[in-house]
Amino acid sequence: MATMADPDAVTHRRVLRIAIPILLSNVTVPILGAVDTGVVGQIPAAEPIAAVGIGSIVLTAIYWIFGFLRMGTVGLTAQAAGSGDRAEVSALLTRALMVGLGGGLVMIVAQWLIFAAAMAVSPASPEVEALARDYMAIRIWSAPGAIAIFGMTGWLIAQERTRAVLVLQLWMNAINVVLDVVFVLGMGWGVSGVALATFIAEWSGFAMGLWLCRETLRDAAARNWARVFDRVRLKRMALLNSDILIRSLLLESVLVSFLLVGGRFGDVTLAANQVLMQFLMIAAYALDGFAFSAEAMVGRAYGAGRVDSLRRSALLTSYWAVGISVLLSLAVAVAGPQIIALMATDEGVRTEAARYLPWMIAVPIAQVPAMMFDGIFIGATRSRDMRNMMILSAGLYFACLLVLLGPLENHGLWIAMLLSFLARGGTLALRYPALERSAAR
């Protein structure tokens, strides 16, 4: 039986120790985007702002595809740690770094194809397209470091070293902000200066990540190539990551289609939906910390075969997530109109956004089961269940669009989104007993 002195004891303190640094780290993400936009916005022209927007969205979307590396690494590493296999913990760090660096090199080789596809999907004026290409042509060279950071972040979370994750994020963002100011405002390098600042920040973040993982990288097990390239372990990692990739692409299709379908109802409704999506993203960032706690804690319990600890980890992390979601919903109910007014100055957009504000009150609570069960199933590396339940929930979402858009228009769009969240959480809940049974074997 775990005691309070046991580092693996499932306690509220442990949940918060993992979650709070992630919450603080997430706060820095929108700040960096605001600084990038604000600095390039000092150039007296619209084209640089549009170019940085398009270029950063394209590369971020592609990097996001490699999010499977973070999620897969968390589950595998946490389970190896829970089972006491320290050699495998070290080898997993090496594998994650190799996958990340390799994925980034593929992006560099295929950059011309990536840029052409991006411009075809998001056509812009010749001036904006030229600047966006310049931006991406610089940033693409940091892709290996940026993607490898996903693997290191997942590995650190599995070790419950989320303070290190916070340090890594603050380090990168601070360098990026300082260099933005120096290169753009000081040296007048414009869009290229913003790209170069991010390029340096991402490679410096990679270097910082290596330093944070230095003790394990010095371990001989991290360079035990027979273990690192073990066929069985590589196959398991590949299957896990492919399932998560499919799940992530389906989730991306839901989010992208939401924005595209919203455009059918006019520019004002499209702008209102974009404003309201910020409520969804804020809720997701707030819940991330507890989902990450579930990944690490459930993974360790699963690797140790301790069903009681697994269940308590799932419950405690979810209790906190539910509490935070209720507070967020109350905040939206009380201050929603004021928040909308801060994000939009156009009265038409404000009025339209206010029409759909009640759905934003429901968003945090609807997100909880989906995000928390995602974390639980990632920790248990039950990726096939995640993939299959995502297929069902995405199918429900698109079916709801067909049925609801006609009579309810944009209200139907938001209902379809919320139902997809509930379906993802509900279907994974039905698979949870099987997860516990597999941990007991």
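Hydrogens, waters and symmetry mates play no part in the numbers below; they use all other heavy atoms, side chains included.
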Taking salt bridge (charged side-chain N to carboxylate O under 4.0 Å, His left out) as the cut-off, I'd like each qualifying pair that reaches into [range], sequence neighbours left out, listed once.
{"range": "residues 224-237", "result": "Asp85-Arg227, Glu88-Arg227, Glu88-Arg233, Asp230-Arg233"}
{"range": "residues 356-385", "result": "Arg247-Asp374, Asp374-Arg424, Arg382-Asp385, Asp385-Arg431"}
{"range": "residues 359-369", "result": "none"}

Got a list of side-chain donor-acceptor pairs under 3.5 Å for residues 64-74, not counting sequence neighbours?
residue, atom, partner, partner atom, Å
Arg70, NH1, Glu295, OE1, 3.0
Arg70, NH2, Glu295, OE2, 3.2
Thr73, OG1, Leu69, O, 2.5

Between the side chain of [X] and the main-chain N/O of [Y], is any donor-acceptor distance below 3.5 Å?
{"X": "Arg161", "Y": "Leu156", "answer": "no"}
{"X": "Asn26", "Y": "Tyr285", "answer": "yes"}
{"X": "Thr162", "Y": "Arg17", "answer": "yes"}

From [X] [atom1] over to [Y] [atom2], what is the distance, rounded to the nearest 0.5 angstrom?
{"X": "Trp320", "Y": "Ser293", "atom1": "CH2", "atom2": "OG", "result": "10.5 Å"}
{"X": "Phe279", "Y": "Tyr356", "atom1": "CZ", "atom2": "OH", "result": "15.0 Å"}
{"X": "Thr317", "Y": "Arg14", "atom1": "OG1", "atom2": "CZ", "result": "10.5 Å"}
{"X": "Trp225", "Y": "Thr94", "atom1": "CH2", "atom2": "OG1", "result": "5.5 Å"}
{"X": "Ile157", "Y": "Ile18", "atom1": "CD1", "atom2": "CD1", "result": "9.5 Å"}
{"X": "Leu287", "Y": "Ile282", "atom1": "CG", "atom2": "CD1", "result": "12.0 Å"}

Handout entry: Matching residue for Arg312 among Leu310, Leu315, Leu316 - test: side chain to side chain contact (heavy atoms under 4.5 Å, CB included)
Key = Leu316

State, with a plain yes or no, whether a side-chain heavy atom of [X] is found less than 4.5 Å away from one of [Y].
{"X": "Ser56", "Y": "Arg139", "value": "yes"}
{"X": "Ile140", "Y": "Met136", "value": "no"}
{"X": "Leu170", "Y": "Leu24", "value": "no"}
{"X": "Leu239", "Y": "Ser383", "value": "no"}
{"X": "Ile376", "Y": "Leu428", "value": "no"}
{"X": "Tyr432", "Y": "Arg311", "value": "yes"}
{"X": "Met389", "Y": "Phe377", "value": "no"}
{"X": "Val167", "Y": "Trp211", "value": "no"}

Could you report the tightest heavy-atom contact between [X] and [Y], atom names first, then the distance?
{"X": "Ser420", "Y": "Ser393", "result": "O-CB, 3.6 Å"}
{"X": "Val165", "Y": "Ser25", "result": "O-OG, 4.4 Å"}
{"X": "Val298", "Y": "Ala380", "result": "CG1-N, 4.1 Å"}
{"X": "Ile147", "Y": "Gly103", "result": "CD1-C, 4.1 Å"}
{"X": "Gly151", "Y": "Ala96", "result": "CA-CB, 3.9 Å"}
{"X": "Ala416", "Y": "Cys400", "result": "CB-CB, 3.7 Å"}

Problem - CZ (Arg387) with more than 12 external heavy atoms under 6.0 Å - result: yes

Exercise for the section: Please check if atom OH in Tyr319 has more than 12 non-hydrogen atoms from other residues, nucleotides or ligands closer than 6.0 Å. Expected result: no

Fill in the blank from the handout: Sequence neighbours excluded, the answer for ring-ring contact (aromatic ring centres under 6.0 Å, His included) partners of Phe206 is Trp203

Exercise for the section: Describe, in one word, how the ring planes of Phe258 and Trp414 are oriented to each other, choosing from parallel (under 30°), tilted (30 to 60°) and perpendicular (over 60°). Expected result: perpendicular

Practice task
Return the set of residues passing salt bridge (charged side-chain N to carboxylate O under 4.0 Å, His left out) with Arg355 (not counting sequence neighbours), or none when no residue passes.
Solution key: Glu352

Problem - Residues Trp141, Ile108; criterion side-chain contact (heavy atoms from CB on, under 4.5 Å); working and verdict - result: CA-CA 6 Å; Trp141 289 93; Ile108 290 174; 3.6 Å; yes

Exercise for the section: May I have the step-by-step check of side-chain contact (heavy atoms from CB on, under 4.5 Å) for Phe290 and Ile324, ending in yes or no? Expected result: CA-CA 10 Å; Phe290 301 104; Ile324 292 295; 3.6 Å; yes

Handout entry: Polar contact flag, side-chain donor to acceptor under 3.5 angstrom, Thr269-Asn410
Key = no

Handout entry: Between Ser438 and Tyr302: side-chain donor-acceptor atoms closer than 3.5 Å
Key = yes

Exercise for the section: Go through the steps for Val89 and Gln159 under the test side-chain contact (heavy atoms from CB on, under 4.5 Å), then give the verdict. Expected result: CA-CA 9 Å; Val89 169; Gln159 302 292 302; 3.3 Å; yes

Problem - Check against side-chain contact (heavy atoms from CB on, under 4.5 Å), Leu280 and Phe421 - result: CA-CA 11 Å; Leu280 189 150; Phe421 290 151; 3.7 Å; yes

